*Asks:* 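Would you mind keeping the following structure in view while I ask a few things?
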Amino acid sequence: IDARHVIVSQSLAGLLWGLFSGQHLVVIRTTIPVVIYTRILYTISDNWGENGSFFYTFYAMAGLSNSFFLIMYGVSGVSNIMAYCSRSTEEIVGFLISIAFIVDSVKYLSSEFVLHYCFSGAE
């Protein structure tokens, strides 16, 4: 999924949300943990399947299994555990997410540097 597909899907989902939910001012967009999760699923499916054709099936099955667990959590009242989470827990998760993006950007910059600025010998 490239940026164009994400923008189109978010636009359509936002329009449908605004039409059917009665809350037209809510902004629906992809958050950073969802982007990291999707990237990990894509990497796993790209290594596992041929030509990325496995990604959509893998993504759908991950969504279905997550929805099953969310329904089970809602029915059993597991959300009461959130009372024990503090603000520092959320900050730690945000810090780890920012480190993940910093590592990805440094990997990209180093590969571009090796590709364009490192030469094997004097010419």
Side-chain angles (χ1 to χ4, degrees):
I1 297 177
D2 59 351
R4 187 179 328 152
H5 288 107
V6 171
I7 290 171
V8 169
S9 66
Q10 287 178 355
S11 301
L12 291 175
L15 286 172
L16 291 174
W17 178 268
L19 287 174
F20 296 113
S21 70
Q23 299 177 359
H24 61 282
L25 294 178
V26 176
V27 176
I28 299 175
R29 59 181 172 81
T30 303
T31 58
I32 300 301
V34 173
V35 171
I36 292 174
Y37 178 72
T38 306
R39 187 187 63 209
I40 290 170
L41 286 180
Y42 184 77
T43 303
I44 291 171
S45 67
D46 193 33
N47 292 335
W48 207 356
E50 58 278 344
N51 298 331
S53 61
F54 184 64
F55 172 71
Y56 294 115
T57 306
F58 191 51
Y59 195 61
M61 293 308 296
L64 289 174
S65 65
N66 283 338
S67 65
F68 169 74
F69 283 112
L70 286 173
I71 290 170
M72 294 306 296
Y73 295 158
V75 168
S76 63
V78 177
S79 61
N80 295 332
I81 295 174
M82 284 305 293
Y84 300 108
C85 291
S86 64
R87 176 88 175 165
S88 64
T89 306
E90 296 174 10
E91 294 298 326
I92 290 170
V93 171
F95 176 71
L96 293 175
I97 289 170
S98 65
I99 285 183
F101 276 108
I102 290 171
V103 167
D104 282 346
S105 64
V106 168
K107 283 181 185 177
Y108 175 75
L109 287 174
S110 65
S111 67
E112 288 294 312
F113 180 79
V114 168
L115 181 65
H116 295 291
Y117 295 107
C118 289
F119 301 108
S120 59
E123 294 181 27

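Residue numbers run from 1 in the order of the sequence given. Atoms considered below: every heavy atom in the structure, side chains included; atoms not considered: hydrogens, waters and symmetry mates. Here the structure is a predicted model, which means the values were calculated and not measured.
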*Asks:* Atom OG in Ser111, atom NE2 in His116: separation rounded to 0.5 Å?
*Replies:* 8.5 Å
*Asks:* Answer yes if Tyr37 and Tyr56 sit in the same cluster of Ile, Leu, Val, Met, Phe, Trp and Tyr residues linked by side chain heavy atoms under 4.5 Å apart, and no otherwise.
*Replies:* yes
*Asks:* Can you tell me which residue pairs pass the salt bridge (Lys or Arg N to Asp or Glu O under 4.0 Å) test with a partner in residues 95-111, sequence neighbours excluded?
*Replies:* Arg39-Asp104
*Asks:* Going only through I, L, V, M, F, W and Y residues with side-chain contacts under 4.5 Å, is there a path from Val103 to Ile40?
*Replies:* no
*Asks:* Output all residues satisfying side-chain contact (heavy atoms from CB on, under 4.5 Å) with Ala100, sequence neighbours left out; order by chain, then residue number.
*Replies:* Ile36
*Asks:* Please list all pairs passing the salt bridge (Lys or Arg N to Asp or Glu O under 4.0 Å) test where one or both residues lie in residues 66-83, with sequence neighbours left out.
*Replies:* none
*Asks:* Can you name the side-chain contact (heavy atoms from CB on, under 4.5 Å) partners of Tyr84, sequence neighbours left out?
*Replies:* none
*Asks:* Return the set of residues passing side-chain contact (heavy atoms from CB on, under 4.5 Å) with Phe69 (not counting sequence neighbours), or none when no residue passes.
*Replies:* Tyr73
*Asks:* Taking the side chain as every heavy atom from C-beta outward, state whether Thr38 and Phe55 have any atom pair closer than 4.5 Å.
*Replies:* yes
*Asks:* Linking Ile, Leu, Val, Met, Phe, Trp and Tyr by side-chain heavy atoms under 4.5 Å, what else ends up with Met61?
*Replies:* Leu64
*Asks:* How many angstroms lie between CG in Leu70 and OG in Ser65, if you round to the nearest 0.5 Å?
*Replies:* 9.5 Å
